[in-house]
Amino acid sequence: FQKTAWMSAQAILSRREHSKFELYEKLSQKGFESSEIEKVISELQHRGWQSDERFCEAFVRFRIQKGQGPQKIQFELKKKGVDLQIITSVLQMYDAQWLQLCENVLEKKYGDSGEISFEEKAKRLRFLNSRGFPTDIIRQIL
């Protein structure tokens, strides 16, 4: 008994949301033909079972809970083949929250401290930058 691309795609999507690119990669690794994969993905999108927008929203929510900033999230989503327009529109929904999230991440890591040295400030800036927060937001809280 050979699993069809349709069945494999449904099994993959039943576990979690996937971008079109991820789904294509997984199905092609299973040995399905490119034309068959395209048809399956097209039908899944038509039925609303696969959506890059929905995947992007879920991904952003999850990464925000992990304390990651917009730059890192955008980079990860690009690697997963999500269209830049979709990424931008989803990230914009959280524009008002990035500053607060950045403060929360900083406080969780370093606690609430008063005056800090220049070296310590630089260290914290690098930490927040590595988490994907833009410099303009970081400078507002340091």
Side-chain angles (χ1 to χ4, degrees), residues 3-142:
K3 242 183 170 180
T4 65
W6 178 254
M7 290 166 60
S8 290
Q10 284 181 306
I12 291 167
L13 288 173
S14 71
R15 290 182 213 107
R16 72 165 174 87
E17 294 280 352
H18 286 73
S19 69
K20 178 182 175 181
F21 176 77
E22 282 181 311
L23 190 56
Y24 186 94
E25 290 292 302
K26 286 189 177 191
L27 291 173
S28 99
Q29 285 172 2
K30 290 180 181 277
F32 295 110
E33 292 296 315
S34 188
S35 60
E36 187 181 4
I37 295 171
E38 288 293 334
K39 283 184 211 162
V40 166
I41 290 177
S42 178
E43 180 60 26
L44 288 166
Q45 288 176 325
H46 176 72
R47 293 182 182 203
W49 295 355
Q50 191 285 321
S51 159
D52 274 1
E53 289 86 358
R54 203 172 51 234
F55 166 76
C56 189
E57 289 168 6
F59 188 89
V60 170
R61 275 193 309 271
F62 179 69
R63 292 304 170 111
I64 284 174
Q65 287 173 346
K66 288 177 69 177
Q68 293 181 354
Q71 292 174 332
K72 187 170 187 172
I73 295 171
Q74 181 177 3
F75 178 76
E76 294 286 326
L77 284 166
K78 277 185 191 171
K79 281 196 331 193
K80 294 183 178 293
V82 179
D83 184 68
L84 187 58
Q85 273 186 304
I86 296 171
I87 298 170
T88 305
S89 73
V90 171
L91 287 176
Q92 280 175 344
M93 296 188 311
Y94 295 93
D95 274 354
Q97 298 172 30
W98 295 122
L99 184 68
Q100 184 62 52
L101 179 64
C102 189
E103 286 177 347
N104 294 348
V105 168
L106 186 68
E107 193 172 320
K108 184 176 179 188
K109 172 86 171 167
Y110 294 103
D112 196 19
S113 56
E115 280 297 308
I116 54 173
S117 68
F118 179 78
E119 289 80 18
E120 184 61 27
K121 230 180 212 181
K123 180 177 156 188
R124 292 177 185 199
L125 187 135
R126 284 191 305 275
F127 165 72
L128 291 169
N129 206 266
S130 74
R131 282 295 189 93
F133 291 99
T135 311
D136 61 320
I137 288 180
I138 298 170
R139 291 205 188 287
Q140 287 180 50
I141 62 170
L142 285 181

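Position 1 is the first residue of the sequence; numbering continues from there.
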Interatomic distance, [X] atom [atom1] to [Y] atom [atom2] [nearest 0.5 angstrom]:
X: Ile12; Y: Met7; atom1: CD1; atom2: CE; result: 12.0 Å
X: Leu125; Y: Glu120; atom1: CG; atom2: CD; result: 11.5 Å
X: Gln140; Y: Leu99; atom1: CD; atom2: CG; result: 5.0 Å
X: Phe21; Y: Asp52; atom1: CZ; atom2: CG; result: 11.0 Å
X: Thr88; Y: Gln74; atom1: OG1; atom2: CD; result: 5.5 Å
X: Met93; Y: Cys56; atom1: CE; atom2: SG; result: 8.0 Å

Can you see which heavy atom on [X] is nearest to which on [Y], and at what distance?
X: Ala5; Y: Leu27; answer: O-CD2, 3.8 Å
X: Thr135; Y: Asn129; answer: OG1-ND2, 3.6 Å
X: Tyr24; Y: Ile37; answer: CD1-CG2, 3.2 Å

Can Lys80 and Glu76 be counted as an ion pair, charged N to O under 4.0 angstrom?
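No, Lys80 and Glu76 are not salt-bridged.
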Run the salt-bridge test on Glu22 and Lys26 with the 4.0 Å N-O cut-off and return the result as yes or no.
no
[X] atom [atom1]: more than 12 heavy-atom contacts under 6.0 Å:
X: Arg139; atom1: CZ; result: no
X: Phe75; atom1: CZ; result: no
X: Glu38; atom1: CD; result: yes

Is the shortest heavy-atom distance from the side chain of [X] to the side chain of [Y] under 4.5 Å?
X: Leu77; Y: Ile86; answer: no
X: Leu44; Y: Lys20; answer: no
X: Leu106; Y: Leu142; answer: yes
X: Leu101; Y: Ile137; answer: no
X: Glu36; Y: Trp6; answer: no
X: Leu23; Y: Gln45; answer: no
X: Ile141; Y: Leu128; answer: yes

Counting distance only, does the side-chain N/O of [X] pair as donor-acceptor with the main-chain N or O of [Y] below 3.5 Å?
X: Arg54; Y: Gly48; answer: yes
X: Arg131; Y: Cys102; answer: no
X: Ser42; Y: Lys39; answer: no
X: Gln50; Y: His18; answer: yes

Just checking, is any N or O donor in the side chain of Ser35 or Glu33 under 3.5 Å from an acceptor N or O on the other one?
no
Stepwise, does the side-chain contact (heavy atoms from CB on, under 4.5 Å) test hold for Val105 with Gln68?
CA-CA 8 Å; Val105 168; Gln68 293 181 354; over 6 Å; no
Pair Lys123, Tyr110 - check side-chain contact (heavy atoms from CB on, under 4.5 Å), show working.
CA-CA 11 Å; Lys123 180 177 156 188; Tyr110 294 103; 3.9 Å; yes
Which residues pass the side-chain hydrogen bond (donor to acceptor under 3.5 Å, both in side chains) test with Glu107, sequence neighbours left out?
none
Below 30° counts as parallel, above 60° as perpendicular, anything between as tilted: where do the rings of Phe133 and Trp98 land?
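Rings of Phe133 and Trp98: perpendicular, as their planes differ by over 60°.
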Working for side-chain contact (heavy atoms from CB on, under 4.5 Å), residues Leu84 and Lys78
CA-CA 7 Å; Leu84 187 58; Lys78 277 185 191 171; 3.7 Å; yes
Trace of the side-chain contact (heavy atoms from CB on, under 4.5 Å) decision for Glu17 with Phe59
CA-CA 9 Å; Glu17 294 280 352; Phe59 188 89; over 6 Å; no
